[in-house]
Amino acid sequence: MRACILLWYDNIYYSDDSDRQAFPRNAADKELAPTLIQSIQKHHITEIVVITWPWWFTNLRVWSLVCNLLAQYMPDISFRVVSKLDCYIWAHTQGYIPDHALLYIGQKKTVWDYDFIKQSHTLQPKESLADCTGYAIDAVDDYFPDHYEKSFVRFVRKDQKLSLVYRDTTYTIEPLITAQKSLQVVQPSYYIKPIIG
């Protein structure tokens with residue numbers, strides 16, 4: 001059986017076929033590992049899909065350590081790791097989402113305006129769009145203005161499969177997930193450089 005971790009919000013979201021939980025980022029080191037161990041044993045989970053993206057640097061390191069400790073003590077567990085950006089790029093190639101997206105990068109006021117055609121981004125204020133019709137918007141809890149909600153892209157899990165929901169239509173991303181190599185070690189991927197000073 002497969003479980004899934006969404007690792008880019010102020011909360012970490014965990015789900016398997018019978019359970020879904022949110023863990024506050026500051027409690028991940030204490031609460032996430034015991035829950036994973038219990039779920040792995042109870043539901044015979046053998047694989048965890050990890051969707052990553054820019055986030056709090058310390059917590060990315062903590063989560064990677066949790067995964068690696070699990071793999072060390074429970075060697076039957078493997079991981080498939082993919083970035084949220086790779087999920088969006090793949091969804092765009094399938095025609096599921098438009099040519100542009102506003103992507104949360106862990107900053108309070110700035111987002112990536114990502115162009116899927118050019119495969120490049122510019123930094124923009126998070127409230128830069130008056131009309132978001134031609135955009136996919138990262139669905140991040142309480143982050144974007146309310147009028148962006150109709151263009152949100154959300155990750156959902158059903159029947160052991162991961163999908164994206166955009167404008168009330170659900171699209172599976174399972175082919176992308178199964179194409180990822182099965183790993184025994186998870187490396188934190190930051191995607192952006194920290195700003196010091």
Side-chain angles (χ1 to χ4, degrees), residues 2-15 20 22 48-57 59-60 63-64 79-129 131-158 160-181 183 186-193:
R2 179 191 286 174
C4 183
I5 298 281
L6 303 180
L7 183 67
W8 66 80
Y9 296 113
D10 282 348
N11 292 321
I12 296 173
Y13 289 96
Y14 167 83
S15 66
R20 182 175 182 213
I48 299 174
V49 175
V50 182
I51 309 292
T52 65
W53 190 239
W55 197 48
W56 305 96
F57 289 81
N59 293 357
L60 282 168
W63 164 243
S64 298
F79 304 94
R80 291 183 193 263
V81 182
V82 63
S83 78
K84 184 167 55 168
L85 179 59
D86 287 334
C87 292
Y88 289 160
I89 289 171
W90 186 86
H92 177 264
T93 64
Q94 305 303 306
Y96 299 159
I97 61 175
D99 294 341
H100 287 268
L102 289 188
L103 304 179
Y104 171 75
I105 56 170
Q107 297 178 356
K108 289 184 179 180
K109 298 179 180 178
T110 307
V111 296
W112 276 5
D113 183 336
Y114 196 88
D115 183 328
F116 292 108
I117 302 296
K118 295 179 181 176
Q119 293 195 9
S120 64
H121 68 274
T122 57
L123 288 175
Q124 299 291 341
K126 72 175 181 180
E127 299 185 31
S128 60
L129 295 180
D131 178 14
C132 60
T133 304
Y135 276 76
I137 310 289
D138 247 347
V140 177
D141 299 343
D142 302 321
Y143 180 74
F144 284 104
D146 290 343
H147 73 277
Y148 284 13
E149 188 170 358
K150 62 188 176 185
S151 295
F152 276 177
V153 179
R154 298 185 189 280
F155 285 77
V156 296
R157 189 172 178 281
K158 187 176 180 182
Q160 294 191 5
K161 295 184 178 175
L162 201 58
S163 298
L164 297 178
V165 178
Y166 176 68
R167 292 195 171 264
D168 298 322
T169 303
T170 302
Y171 305 101
T172 183
I173 60 169
E174 195 63 22
L176 174 67
I177 300 300
T178 55
Q180 305 307 307
K181 288 183 180 178
L183 305 172
V186 175
Q187 297 291 336
S189 297
Y190 303 116
Y191 303 98
I192 59 173
K193 295 180 180 178

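Count residues from 1 along the sequence. Everything numeric here is computed off the predicted structure, so don't read it as measured data.
In this structure, the side chains of Ile177 and Ile51 come closer than 4.5 Å at one or more pairs of heavy atoms. Between Phe144 and Cys132, every side-chain heavy-atom pair lies at or beyond the 4.5 Å cut-off. Between Lys126 and Tyr148, every side-chain heavy-atom pair lies at or beyond the 4.5 Å cut-off. At least one side-chain heavy atom of Leu123 sits less than 4.5 Å from a side-chain heavy atom of Trp112.
The structure places NE2 of His100 at 8.5 Å from NE2 of His92, a figure rounded to the nearest 0.5 Å. Separating the SG atom in Cys4 from the CZ atom in Phe155 is a distance of 8.5 Å, to the nearest 0.5 Å. Taking OG1 from Thr170 and NZ from Lys161, the interatomic distance works out to 13.5 Å, rounded to the nearest 0.5 Å. Residue Thr52 holds its OG1 atom at 8.0 Å from CG of Asp86, rounded to the nearest 0.5 Å. Atom CD1 of Ile97 sits about 12.5 Å away from atom OH of Tyr135, to the nearest 0.5 Å. Rounded to the nearest 0.5 Å, atoms CG (Leu103) and OH (Tyr114) are 8.5 Å apart.
Closest approach of Tyr143 to Gln107, counting heavy atoms only: OH-O, 2.6 Å. Taking every heavy atom of both residues into account, Thr133 and Tyr166 meet most closely at O-OH, 3.8 Å. Closest approach of Gly134 to Pro98, counting heavy atoms only: O-CB, 3.4 Å. Taking all atoms of both residues into account, the shortest heavy-atom contact from Leu176 to Val82 is CD2-CG2, 4.2 Å. Contact detail for Tyr104 and Asp138: the closest heavy-atom pair is N-OD2, 2.8 Å.
Between the side chain of Arg80 and the backbone N or O of Thr178 there is at least one donor-acceptor pair closer than 3.5 Å. With hydrogens and angles ignored, the 3.5 Å screen pairs no side-chain donor or acceptor of Arg154 with any backbone N or O of Ala139.
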Worked verdict on Ile5 versus Phe79 for side-chain contact (heavy atoms from CB on, under 4.5 Å)
CA-CA 10 Å; Ile5 298 281; Phe79 304 94; over 6 Å; no
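Using bins of under 30°, 30° to 60° and over 60° for the plane-to-plane angle, the ring pair Tyr88/Phe116 lands in the perpendicular bin. Using cut-offs of 30° and 60° on the angle between ring planes, the pair Tyr96 and Trp90 is perpendicular.
Heavy-atom contacts from other residues, nucleotides or ligands closer than 6.0 Å to CZ of Arg167 number more than 12. For Gln94, the CD atom is densely surrounded, since the number of other residues' heavy atoms within 6.0 Å is greater than 12.
With hydrogens and angles left out, the side-chain atoms of Ser163 and Arg157 include no donor and acceptor closer than 3.5 Å.
Paired with Leu102 under the rule side chain to side chain contact (heavy atoms under 4.5 Å, CB included), one option of Val140, Val111, Val153 passes, and it is Val111.
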